[in-house]
Amino acid sequence: MFSKEEAYRIKKEFWISYGSYMKLQMNAEGLSINWVNYKTDIKGIFFRTDVERKYAEVSIEISHPDASVREMIYEQFEEYENVLHSYLGEEWVWTKNDQDEDGKEISTIKTSLENISIFREADWPNIISFLKSKMINLDEFWSDHKDSFEIFKNL
């Protein structure tokens, strides 16, 4: 087991490493972006990356505070399910009624890499490769289809 301070330090080192590695990667529009804190510019739509003791995860999180708007956004993604799948190249887990770590109602579309750990530095190349490929694919989808979600921008 790691102390709280040691766990914090290791996680910080990982995210700095990932961020430094991804800084070299331009987005689908040829721009430099912050891959760790990816901005969709649509209220309530987030592309999240998470790495823990036993898994790494990439997700589309729909967390609009208005439940009816959140449902409409999720349904809009459902309309694009086949298109999204063509960008991702794999099935992701769709959960209309999920909760974040604070118990707040959200919807998610996600994939994970199991049996890895942020606390094993030897796993970092696999984790970074996993996160990179998924985020690049999400970015390409978003670049091509974000206009279809603009209706939700000011809700």
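Here, residue 1 is the first one in the sequence, and each next residue gets the next number. On a predicted model such as this, the values are computed, not experimentally measured, just so you know.
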Distance (rounded to the nearest 0.5 Å) between [X] [atom1] and [Y] [atom2]:
X      : Y      : atom1 : atom2 : value
Lys153 : Lys146 : NZ    : NZ    : 8.5 Å
Leu138 : Asn27  : CG    : CG    : 13.0 Å
Gln25  : Lys23  : CD    : NZ    : 14.0 Å
Glu13  : Arg9   : CD    : CZ    : 4.0 Å
Phe14  : Asp123 : CZ    : CG    : 10.0 Å
Ile62  : Arg70  : CD1   : CZ    : 9.0 Å

So if you build clusters from Ile, Leu, Val, Met, Phe, Trp, Tyr with side-chain heavy-atom gaps below 4.5 Å, do Trp15 and Ile33 land together?
->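 Yes; tracing contacts between hydrophobic side chains, which count when under 4.5 Å, links both residues.
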Would you say Tyr55 and Ile118 are hydrophobically clustered, going by side-chain heavy atoms of ILVMFWY under 4.5 Å?
-> no
May I ask you to test the Ser117-Lys54 pair for a side-chain heavy-atom distance under 4.5 Å?
->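 No - every pair of side-chain heavy atoms lies 4.5 Å or more apart.
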Taking the side chain as C-beta and beyond, is there a heavy-atom pair between Leu84 and Ile60 under 4.5 Å?
->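 Yes, close enough: below the 4.5 Å cut-off.
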Please find out if less than 6.0 Å separates the ring center of Phe152 from that of His64.
->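 Centroid separation for Phe152 and His64: 6.0 Å or greater.
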Are the aromatic ring centres of Phe77 and Trp94 under 6.0 angstrom apart?
->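 No - the distance between ring centres of Phe77 and Trp94 does not fall below the 6.0 Å cut-off.
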Are there more than 12 heavy atoms of other residues, nucleotides or ligands under 6.0 Å from atom OH of Tyr87?
-> yes
What do you reckon, is CD1 of Ile151 surrounded by more than 12 foreign heavy atoms closer than 6.0 Å?
-> no
Start with the C-alpha gap between Phe130 and Val51, add the side-chain angles, then the distance that decides, and say whether side chain to side chain contact (heavy atoms under 4.5 Å, CB included) holds.
-> CA-CA 11 Å; Phe130 170 80; Val51 183; over 6 Å; no
Contacts of Ile106 that satisfy side-chain contact (heavy atoms from CB on, under 4.5 Å) - sequence neighbours left out |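 Expected list: Glu61, Ser63, Asp98, Asp100, Lys104, Thr108.
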Donor-acceptor pair, side chain of [X] and main chain of [Y], under 3.5 angstrom:
X      : Y      : value
Ser129 : Pro125 : no
Ser86  : Val83  : yes
Ser107 : Lys96  : yes

Tell me, please, which residues at least two apart from Glu101 pass side chain to side chain donor-acceptor pair (under 3.5 Å).
->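 None.
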Picking from Phe47, Tyr80, Phe46, what satisfies ring-ring contact (aromatic ring centres under 6.0 Å, His included) with Trp142?
-> Phe47
Applying the ring-ring contact (aromatic ring centres under 6.0 Å, His included) test to Phe119, which of Tyr8, Trp124, Phe2 qualifies?
->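 Only match with Phe119 under ring-ring contact (aromatic ring centres under 6.0 Å, His included): Phe2.
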Does the pair Lys11 and Glu52 meet the rule for a salt bridge (charged side-chain N to carboxylate O under 4.0 Å, His left out), with working shown?
-> CA-CA 9 Å; Lys11 287 181 176 184; Glu52 292 296 331; 3.6 Å; yes
List the steps, then state whether side chain to side chain contact (heavy atoms under 4.5 Å, CB included) holds for Met22 with Val36.
-> CA-CA 8 Å; Met22 289 300 289; Val36 175; over 6 Å; no
Derivation and outcome, side chain to side chain contact (heavy atoms under 4.5 Å, CB included), residues Gln76 and His145 = CA-CA 11 Å; Gln76 182 75 1; His145 300 285; over 6 Å; no
Pairs involving residues 34-45, ordered by first then second residue, that meet side chain to side chain donor-acceptor pair (under 3.5 Å) (sequence neighbours left out) | Tyr38-Asp139
Would Ile127 and Tyr18 count as a side chain to side chain contact (heavy atoms under 4.5 Å, CB included) if you check the C-alpha gap in whole Å, the side-chain angles of each, and the deciding distance to 0.1 Å?
-> CA-CA 9 Å; Ile127 296 168; Tyr18 173 69; over 6 Å; no
